[in-house]
Each structure stands twice: as structure tokens, then as C-alpha cells.
Protein chains: 2
Amino acid sequence: MANIKDVAERAGVSVATVSRVLNGRSPVAETRERVLAAVAELGYRPDAVARALRTARTRTLGLVISDLRNPFFTELADAVEQEARRLGYSLIIGNAGESTRQQDDHIRTLLDRRIDGLLVSSAGTGSAMLREAADAGTPLVLLDRTVPGVAAPCVRAEGRAALTELAAHLAALGRRRPAVIVAPAGTPVGDERLELFRAALAAHGIALPPERVGASPDLRPEGGRQVMRRLLDLAEPPDAVLATDNLMALGALDEVRARGLRIPSDVALVAFDDVAWFAHLDPPLTAVAQPTRALGEAAVHTLLERIEGREAPSVLLPARLVPRRSCGEAATD
Amino acid sequence: MANIKDVAERAGVSVATVSRVLNGRSPVAETRERVLAAVAELGYRPDAVARALRTARTRTLGLVISDLRNPFFTELADAVEQEARRLGYSLIIGNAGESTRQQDDHIRTLLDRRIDGLLVSSAGTGSAMLREAADAGTPLVLLDRTVPGVAAPCVRAEGRAALTELAAHLAALGRRRPAVIVAPAGTPVGDERLELFRAALAAHGIALPPERVGASPDLRPEGGRQVMRRLLDLAEPPDAVLATDNLMALGALDEVRARGLRIPSDVALVAFDDVAWFAHLDPPLTAVAQPTRALGEAAVHTLLERIEGREAPSVLLPARLVPRRSCGEAATD
DNA sequence: CCGACGCGTGTAATCGATTACCTGACCCGC
DNA sequence: GCGGGTCAGGTAATCGATTACACGCGTCGG
């Protein structure tokens with residue numbers, strides 16, 4: 001593979017000149033032509049590794065995703081990758097699989113690779129490396145999930161409007177006994193969603209008693225299914241269930257079907273995160289859609305601000321309700 | 001961030017000694033202790049960029065995925081990432097979104113970054129950069145999709161046994177008019193699946209006439225839906241449909257539902273790629289499952305062989321049939 | 001007519017590691 | 001007692017780029 005010295009020799013100039021031509025400084029037309037010709041003939045491409053060493057910028061971002069198999073995060077990762085690439089950055093993706101150990105492992109190797117900045121949707125609440133990275137001055141932006149004790153801007157969706165709308169939607173359809181399946185205790189976004197929903201229901205005079213709030217042991221379908229089992233076994237089972245994550249919603253759906261109950265006639269089901277296949281379920285699931293693409297883009301922009309040394313605020317983007325048929329009303333799709 | 005010189009000073013030795021201690025060569029116990037102590041006190045971690053420049057190995061692999069939003073590829077990417085990390089490599093993932101241009105774009109930046117090896121599940125058939133990379137001597141392994149004219153080992157699944165079993169399954173259930181929704185013309189794996197299926201059906205005296213083979217314009221749900229529409233409009237509509245990709249299957253399912261037809265009583269549906277949510281559909285979909293994890297691992301192993309300069313053969317792993325309820329028989333889940 | 005200035009370009013230091021080569025200490029055997 | 005072998009560890013070259021600084025040449029003003 002040709003290097004800058006080969007190009008310099010071929011063009012009859014010094015390496016400095018080649019570098020300057022390629023980085024758009026000084027040289028005059030005639031020299032410039034010769035250099036570009038040599039570059040083309042040799043198929044020269046600057047070595048990003050050498051450049052990174054010298055300039056102390058790798059033009060690479062790190063993204064640690066709590067669970068890449070969760071389609072919401074897949075979409076988010078895809079959005080981040082596209083925006084990063086558009087702005088000239090590569091992305092190294094690490095999947096934590098909801099494990100703090102793997103997450104720390106990833107952060108460590110990313111720091112070793114001198115990424116310019118780090119995006120993390122943290123698994124669990126505490127992460128030693130995350131704090132270390134922040135303290136070490138690596139530009140850091142949290143994604144979707146806040147982490148107590150880590151001072152970094154957080155980019156995520158906020159459900160007030162959507163949950164208010166959802167409460168109204170359910171009230172209008174005559175649902176009086178809502179229930180919520182939340183993420184394991186301590187997950188900040190889950191708790192927030194719960195409280196917003198509770199407040200929105202209260203405005204319609206609908207209560208959300210503790211026995212109709214179930215915390216799933218994990219963020220996977222099986223956890224959601226377990227909680228749904230408990231809810232349906234109540235003396236007064238709920239007539240509408242909100243799951244604060246798409247995978248838990250899927251497990252909840254399985255339990256409803258396994259009991260031979262019908263959605264929405266026996267119980268309504270709503271999920272957070274509008275992933276593509278919700279529209280293909282029977283019935284299509286009503287969902288609170290997070291603006292995935294916008295979140296990914298905002299995260300990259302915020303991180304670039306931090307990389308360039310500027311302050312950057314947290315970003316809260318509104319989620320919106322996508323009514324389908326799982327609450328009872330006929331909708332457009 | 002501390003560098004090797006800081007460590008050397010603190011330990012009172014030369015940088016060479018530090019490097020030797022950290023790479024497990026010569027130094028004797030006492031010096032060794034001092035160096036390790038200094039490393040610990042300073043929290044020193046070798047700069048992967050500098051090391052890569054010197055050793056000409058980045059310990060990074062590149063993965064270009066044809067469509068990261070397709071859950072089959074998400075799983076595959078996840079498997080590749082895990083295995084790569086287990087073996088000490090980081091992974092830069094690029095999503096081509098089924099576009100040859102984006103794919104070339106990604107390959108180009110990956111080569112610039114001097115990745116040690118490249119894994120590609122190619123979008124489309126031809127790719128200038130792919131050929132260029134192969135010619136330039138970058139270790140290359142194809143994943144899931146062969147590319148004519150590119151000399152590189154290919155790791156993928158092979159459906160003979162599964163499709164033979166499927167043909168028997170359908171025959172036993174009395175299905176006589178099968179149809180196939182294939183990927184756009186020229187996608188090697190799609191055509192192969194079609195021919196294997198045709199042969200397997202023939203063994204049961206079942207024909208697969210041209211009018212019951214439809215090529216989708218793309219690998220997305222809408223394409224599958226269009227083909228399904230055509231198939232169901234035939235004078236003699238099929239009583240069983242195989243889609244050679246999970247997203248096309250999803251679109252096909254939508255069309256069946258939109259017409260108020262029932263699966264499996266009106267038409268059976270089988271998909272290639274067993275993705276997690278097939279089990280959560282109603283009815284759960286019978287699928288040809290590719291050994292995703294094993295494919296990812298084999299791909300990494302094959303690539304490492306190539307990186308170490310050894311020859312490596314292509315790998316064909318058998319897919320297997322996962323019968324659920326979408327063909328009519330009651331199954332375990 | 002000469003010095004200052006500017007412009008284009010070359011020389012060489014630099015980023016942070018690895019490693020070939022050399023040095024010096026020590027030990028051993030003859 | 002001395003030559004040679006062994007081994008720890010230091011010196012410096014190197015990877016491929018960027019860039020501060022220096023230099024030479026041309027131009028222009030006083």
C-alpha cells in the first residue's frame with residue numbers, strides 16, 4: 001500500500017507538500033496538479049492510524065448499546081451510525097447485552113482505542129468505567145438512559161404528551177382499570193414513564209393502584225410475561241396494560257394469547273417503543289413511538305459539541321402516540 | 001493520559017523495558033514489579049493507535065452488513081461482535097442498507113483505517129471496492145452471500161436438509177400447490193434456496209411451476225406483499241408459500257390478513273430465517289432457521305485464519321426446519 | 001540598489017508505541 | 001586470570017502522517 005513518501009517521490013516534491021495539498025493548504029496550481037496526479041496513479045489513501053497518532057483525533061466514535069437485539073436499540077444504533085458517518089466519523093459499536101461487566105469491558109477497549117467521544121445507553125445503573133471515562137475527560141453523552149452520578153448530557157425521549165394522550169384515549173374507550181409493566185426497579189426512564197402515566201390518568205379520575213403496577217425482573221419478553229400473568233390473576237384484572245418496553249410487551253402479548261383472551265376486547269395492550277413489527281401483529285399494537293432517528297442524530301450532534309469543547313445541554317424529544325387497534329378503536333392501520 | 005514514557009520514568013527504567021514487561025518478554029522479577037507498580041499507580045493503558053502504527057495490526061475487524069435493520073443480520077452482527085471480542089478484536093460495523101454505494105463507502109473507510117480483516121454480507125451482486133479490497137490483499141470473508149468474481153471464502157447456511165424436510169412436511173399435510181417468494185433476481189442464495197426446494201418437492205411428485213415463483217423487487221416487507229398479492233390472484237392460488245427471507249414473509253403475512261384469509265387453513269406460510277418474533281406471531285410461523293451464532297463464529301474464525309496467512313475453505317452450515325403452526329400441524333410452540 | 005516581505009516548499013521534530021542492536025555486568029571454565 | 005557466553009536493559013530507528021520553522025527566491029518600496 002502506497003504511503004505519503006511514495007507519492008512525494010513520484011511527484012518530485014517533499015512529503016510536507018503532499019500533506020499540504022491533501023489538507024488544502026498553500027501549494028500553487030502546478031505543484032498541486034503533480035501531487036494529485038501521483039495520488040491518483042498510486043491509488044494513495046492516507047493511513048488513518050498514522051494520522052490519528054499525529055493529530056490525536058481518531059475520527060471514531062464509540063457506541064455502547066445496552067441490548068443490540070432489542071429492535072428499538074438496533075434502530076437507534078443505525079441512526080447514530082448514519083449520522084456519524086455523514087459527519088465523517090466511524091462508529092465502533094459494542095453490545096452490552098444488559099450486562100454491566102460487558103459494558104465496562106467495551107468502554108475500556110474504546111478508551112484504549114482513543115475514540116474521540118463515547119455514546120452510552122447504560123445497562124444497569126452503576127458503571128465504574130463510565131464514571132472513570134467521564135472523569136478522564138473523554139467526551140461523553142448518555143443515550144436513552146440517565147445514570148445517576150455521571151455528569152454528562154443525556155439524549156432521550158420524554159413521554160408526557162404521548163402518555164397524556166394515551167390516558168385520554170383509554171378513558172374515552174371506557175377503560176377504567178389500567179395496569180403498567182415497568183422495567184426493573186431503579187431504571188430511571190421506566191419510573192418516569194410510570195409517574196407521567198399515573199398523573200395523566202389522574203386527570204381523568206382513573207387510579208393506578210400499586211397492585212396494578214408490576215416490575216419485570218428483566219427487559220426481556222419472559223419478564224413481561226410473568227408480570228402479565230400476575231396481573232391477569234388479580235381478583236380485578238386490568239382492562240388495559242401499558243408495557244414500558246417493546247420486548248416486555250411481546251411477552252405480555254404471549255400470556256394474553258396463551259389464556260385464550262382477546263385483544264382488545266378482553267384487555268387492551270399498549271407498548272413503549274414503536275418497532276416495525278408492531279404494525280404486523282394481530283391486532284396491530286398501539287404504541288408510544290420514540291423519535292428514534294432524531295434521537296440518534298441529536299446524540300451525535302451533542303457529542304460533537306462536547307468533542308469540540310463546547311457545553312451541550314441534555315436533549316429531551318417528545319414521544320408520540322401511535323394509535324392502532326389494540327385498545328379497541330378502529331384506527332388507520 | 002499517561003504514556004509509556006511516564007511509566008518508564010516513574011519506574012526508573014527505559015521505555016523499552018516497560019514495553020517488554022507489558023508484552024511478556026525478558027525482564028527479571030524485581031524490575032518487573034517496579035514497572036507493574038508504576039503502571040497501576042498511573043492507570044496506564046497502552047495507546048492502541050500508536051501500537052497499531054508500529055505493529056501494522058489494528059486488532060480491529062470490519063463488518064459490512066447489507067441491512068442491519070433486518071433482524072437476521074442484527075443477530076448475525078451480534079454473534080460476530082461477541083466472537084471477535086472474545087478473541088481480542090474490536091469490530092467496526094457498517095450498515096449498507098442494501099445499497100452498493102454505501103457498501104463501497106464503508107469498505108473504503110474501513111480500508112483507510114487499516115482494519116486487519118473484512119467481513120461482508122454484500123448488498124447487490126457487484127461491488128467495485130469489494131474486488132479492490134480483495135485484490136489489495138486485505139483478508140476478506142464473505143458472509144451469507146457469495147459474490148461472483150470475488151475470490152474469498154464464504155460462510156453461509158445451506159438449506160438442503162431443511163428444505164427436504166419442509167417438502168415432506170407440506171406433502172404430509174396435503175399441500176399440493178406450493179409457491180415461493182424469492183429475492184430479486186441474481187441474489188445467489190435466494191436462487192439456490194429455490195432450486196433446492198424445487199428438487200425436494202419433486203421427490204414427492206409436487207411441481208413448482210413458474211407462475212408460482214415470484215421475485216420480489218426488494219428484500220423488504222412491501223416487496224413480499226406485492227408478490228403475495230399476485231400469487232393469491234392466480235386462478236389456482238397456492239396452498240403453501242415459502243418466503244426466502246424474513247422481511248418478505250412479514251409482508252406476505254400482511255397481505256393474507258388484509259384479504260381476511262386464515263393461516264394455515266387457507267394458505268400455509270413458511271419463512272427463511274427464524275427470527276425471535278416469529279414465535280410471537282399468530283399463528284407462530286414455521287421457519288427455516290439458520291444457525292446464526294455458529295455462522296458468526298465461523299466467519300470470525302475463517303477470517304482470522306486468512307489474517308494469519310493460512311488458507312481457509314468456505315463454510316456451509318446446515319439450516320434446520322422449525323415447525324410451528326403456520327402449516328397446519330399442531331406443534332410444540 | 002538593497003532590505004523587507006511574502007510565498008512556496010523543504011527539513012526535521014513529533015505523536016506513542018515496538019524492537020533490532022549494542023553495552024556492560026556477571027559467571028564460568030580452562 | 002582472562003576470553004567468551006548469557007542475560008538484563010538501554011539507545012535509537014521505525015511505523016506514516018502533520019506541522020513548526022527555516023530557507024530561498026521574487027517583488028516591491030524607499
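Because the structure is a prediction, the values reported are computed rather than measured. A note on names: the letters A, B, ... follow the listed sequences, proteins ahead of strands, and every chain is numbered from 1.
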Exercise answer: donor-acceptor pairs, residues 295-304 of chain B side-chain atoms, under 3.5 Å, sequence neighbours excluded:
residue : atom : partner : partner atom : Å
H301(B) : ND1  : E297(B) : O            : 3.4
H301(B) : NE2  : E83(B)  : OE2          : 2.6
T302(B) : OG1  : A298(B) : O            : 2.8

query: Excluding sequence neighbours, so at least two apart, what forms salt bridge (Lys or Arg N to Asp or Glu O under 4.0 Å) with R113(B)?
result: none

- request: Could you tell me which residues satisfy side-chain hydrogen bond (donor to acceptor under 3.5 Å, both in side chains) with E75(B), sequence neighbours excluded, listed by chain and number?
  value: none

- line: Contacts of E9(A) meeting salt bridge (Lys or Arg N to Asp or Glu O under 4.0 Å) (sequence neighbours excluded), chain-then-number -> none

Side chains of residues 48-57 of chain B: which donor-acceptor pairs under 3.5 Å do they make with residues two or more places apart or in other chains?
residue : atom : partner : partner atom : Å
T55(B)  : OG1  : R51(B)  : O            : 2.8
T55(B)  : OG1  : R57(B)  : N            : 3.4
R57(B)  : NH2  : Y89(B)  : OH           : 2.5

query: Can you tell me how far C1' of dC15(C) sits from CZ of R113(A), to the nearest Å?
result: 18 Å

statement: Counting primed atoms, P, OP1 and OP2 as sugar-phosphate and everything else as base, the B/S/- map of nucleotides 16-25 of chain C against protein heavy atoms under 4.0 Å is BBBBB-----

Integer-rounded Å distance: dG9(D) C1' and E30(B) CD: 13 Å

message: Rounding to an integer number of Å, can you tell me how far E9(B) CD sits from dG9(D) C1'?
response: 17 Å

message: With a cut-off of less than 4.0 Å, is there a side-chain N or O of S14(B) near OP1 or OP2 of dT11(D)?
response: no

task: Note down the inter-axis angle between the two ends of the helix from dC1(C)-dG30(D) to dC30(C)-dG1(D), five pairs each, to the nearest 10°.
output: 70°

query: So how far is it from S90(A) OG to L61(A) CG, rounded to the nearest 0.5 Å?
result: 8.5 Å

field: All salt bridge (Lys or Arg N to Asp or Glu O under 4.0 Å) counterparts of D67(A), not counting sequence neighbours
entry: none

- request: Quick one: list whatever passes salt bridge (Lys or Arg N to Asp or Glu O under 4.0 Å) with R310(A), sequence neighbours left out.
  value: E305(A), E308(A)

